[in-house]
Amino acid sequence: MPEKSPFFRQFRTAREFVTIVHDNVHVMNQITINTSYTPLVSWQRLMAGSAGPVTVMVIILIVIWYIAVIFMNTPWQIDKFKRAHQQWTTWELVQGTMQQRRPVIPAPHQVLVELYKTVVQKNVTSRRSLVYHSAVTLSSTLLGFLTGGLLGIFLAVGIVHVKSLDKSLMPWIIASQTIPILAIAPMVIVVLGAIGLKGLIPKSIISMYLCFFPVAISMVKGLRSPDPLQLDLMRTFSASKSQVFFKLRWQSALPYLFTSLKVSVAISLVGAIVAELPTGAQAGLGSRLLAGSYYGQTVQIWAALVAASVLAAGLVSLIGVVERVVFKRMGAH
Amino acid sequence: MKKSASKQLSLATTAMDGASTGFAGATNRSAPVLGQPPRMFLGLGRGLLLLGMVLVAAGYSLVYLHQHPGAVAIGFWLSVLLFWAMTWIGINAVAEFETLHKNLQRLIDVLVPLCFGMWILYLWEVITVGFGVPKVLLPAPSDIALRLVSSLDILRKDFYQTFAKAVLSGYIMGCGAGFLTAILADRFDFLRRGLLPLGNLVSALPIIGVAPIMVMWFGFDWQSKAAVVVIMTFFPMLINTVTGLNAVATMERDLMYSYGASYNQTLLKLRLPTALPFLFDALKINSTLAMIGAIVAEFFGTPIVGMGFRISTEVGRMNIDMVWAEIVVAALAGSAFYGITALLERYFTFWHPAQRH
């Protein structure tokens, strides 16, 4: 019999070793699994998903932005030095391009500082607060979105159930997608202003008008998405029209509804911003853009742009959250 | 996509009524004409007759209205209500008609919305003229048409400035740049994973807000508007092209691999053709976006010509009929732009199921 190694000496027989190993194999598996899943920080692992590449892209974009700042703001900076009869080094020039009050393109940190000043440091009710202007735009966006969405849904229900509406109205709704509807915004604002409607309502009418087309079109698609077999089944149950609607059509239309809601909340915001232009810079993100463009306040324009983007991203992801909750409650995995 | 969906929809509805139509078809097999039950033709004829009567009567009422503007009696409004009822019944009757004859059905499908549109225009005209609605609120269609014809020269200049210069150049540059970036992103997977989420995010943002910045950078003329259009059209094109290039089925890709095809060959012979429907979707979306971008960018400052400029200044002067004329031109241009893109799509992707019907 060959000499046993120290490891095997603790077992009396080979059979005992096998039993013990057999009994503990799941523990061992566990151990191997655990070790293999320990986070391994390597470049490849970081760049495997999309979070890593996106971060790299954002960093690259910011670097490009800074380079653009240096090159685009340089002429004015040199001019400034010359006017002051001042000697300047390259480093001073680069520093100067990032500290101008009205730069051709502001540096990212200037925009951040402006955002900090107008969001955190100002009172929310102040006219200089970006939160105040965002809230003005947000209120008309939401009002327009809600009314436009409801209108679109009702119209879609009508189109699905009334054949002559389908034949006569639907082609016009589809055709109106191809025309630049936003062009009528100034007229709507001014005309409604002439009959005494000002402020929130006219702006939200434009948002509503923009919102209801995508919702109506996708809801018509969605309400018709149940396949003939399912409709036949409802028929064999002798379901009434309203039962078919609430138990089959509405459920099948929900995915279409949420997709269109995401589109329409984004354009609702665009509508609200554009609607704020013709009234001439009173309140709202659109007026911040316009005022910034009148007075050459580029940092203010960029800050308003960032605020609008945050608003849009927030609204769209909010609808995404609602969508996920609704689908979870409906039994999706 | 839209077409295939609507086709499916119509299939679904016909299947829904399948029992009844199938039955009717079976009983009327002896009917010689088109296999249609004759009473359906009767309905169509009745509907067309009604609509024709309304057309003549409404035309006469318009002449009467313009001879006595603002002084029409209750009888006039009652007859308008009567026309309304007749139109409703007529449109219903015509819309109910369904035939297997492709051309006849297509004619009906155009006729119904046309009648509806004409009815809305008629109502608009009658109400604005009959009640004497001030022109600064809502001009009558006839006023708009007169204004359109009388200021064709201005409209042509505006159209040239906004559409030919800003929209077209921006559209071509933006779509081209989006396409090339998508090809690059396809070649380097890292770029794709980094750019696509960003592109998706950006396409939900109010990009139109960059308009004042572009006006500052590129001046008041069309270049700044083209720049806005470039930015607006870039992202839809990028996203759709990347999606389209990845829409190839594994089997087809394997086949190309087994042929020993190079990357370029696979791209040119398999993946780009597969991506064409996605490309055209982006081109169609962008045709509308480009118009919006150029017109709205003009609200931030232009030389004294251009559709957006005209709209904002004429609104200020309360020449609302001129604004409407400009909107009519914008609508026509937008629809024509979209329509031409759709025709090109039909020409280049004739093999796609959505186009074969």
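The sequence lines fix the lettering, A, B, ..., with proteins before strands; numbering per chain opens at 1.
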Which pair of heavy atoms, one from [X] and one from [Y], lies closest together, and at what distance?
X	Y	answer
V315(B)	P186(A)	CG1-O, 3.9 Å
P206(B)	A308(A)	CG-CB, 3.7 Å
R193(B)	V54(A)	O-CG2, 3.7 Å
W217(B)	V104(A)	NE1-O, 2.9 Å
A313(A)	L205(B)	N-CD2, 4.3 Å
M216(B)	S293(A)	CE-CA, 3.8 Å

Got a sec: does the [atom1] of [X] have more than 12 other heavy atoms crowding it under 6.0 Å?
X	atom1	result
F258(A)	CZ	yes
W65(A)	CH2	yes
F71(A)	CZ	no

[X] portion near chain B, given a 4.5 angstrom heavy-atom threshold:
X	result
I184(A)	both
V316(A)	side chain
M72(A)	side chain

So which part of [X] gets closer than 4.5 Å to some heavy atom of chain A, the side chain, the backbone, both or neither?
X	result
L191(B)	both
S287(B)	neither
I311(B)	side chain
V210(B)	both
W88(B)	side chain
M307(B)	neither
V215(B)	neither

**Asked** Which of the residues V270(A), I273(A), L289(A) is involved in the greatest number of heavy-atom pairs with chain B at under 4.5 angstrom?
**Response**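 Sorted descending by pairs with chain B, the first entry is L289(A).
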
**Partner set under side-chain hydrogen bond (donor to acceptor under 3.5 Å, both in side chains) for N92(B), not counting sequence neighbours** = S164(A)

Who wins among [options] for the most heavy-atom pairs under 4.5 Å with chain A?
options	result
G334(B), A95(B), A336(B), A330(B)	A95(B)
I208(B), V202(B), L138(B), L198(B)	L198(B)
L137(B), I285(B), V323(B), D189(B)	L137(B)

**Message:** Can you list the residues of residues 55-63 of chain A that sit under 4.5 Å from chain B, counting heavy atoms only?
**Reply:**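 Interface residues of residues 55-63 of chain A: V56(A), M57(A), V58(A), L61(A).
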
**Asked** Per the side chain to side chain contact (heavy atoms under 4.5 Å, CB included) rule, which among V296(B), I292(B), T288(B) passes with P180(A)?
**Response**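 Checked V296(B), I292(B), T288(B) against P180(A); only one passes side chain to side chain contact (heavy atoms under 4.5 Å, CB included): I292(B).
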
Is the shortest heavy-atom distance from the side chain of [X] to the side chain of [Y] under 4.5 Å?
X	Y	answer
F299(B)	L290(A)	no
M187(A)	I327(B)	yes
V136(B)	V191(A)	no

**Request:** Would you please name every residue forming a ring pair (Phe, Tyr, Trp, His ring centres under 6.0 Å) with F159(B), sequence neighbours left out?
**Result:**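 If we apply the ring pair (Phe, Tyr, Trp, His ring centres under 6.0 Å) test to F159(B), skipping adjacent residues, the hits are F163(B).
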
**Asked** Should M318(B) and V190(A) be marked as a side chain to side chain contact (heavy atoms under 4.5 Å, CB included) after you check the CA-CA gap, both sets of side-chain angles, and the distance that decides it?
**Response** CA-CA 8 Å; M318(B) 284 308 208; V190(A) 171; 3.7 Å; yes

**Message:** How long is the straight-line distance from CG of L111(B) back to OG of S168(A), given to the nearest 0.5 Å?
**Reply:**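 The distance works out to 11.5 Å.
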
**Asked** In chain order, what residues pass the side-chain contact (heavy atoms from CB on, under 4.5 Å) check against L121(B), with sequence neighbours excluded?
**Response**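 For L121(B), the residues satisfying side-chain contact (heavy atoms from CB on, under 4.5 Å) (neighbours in sequence not counted) are W124(B), P141(B).
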
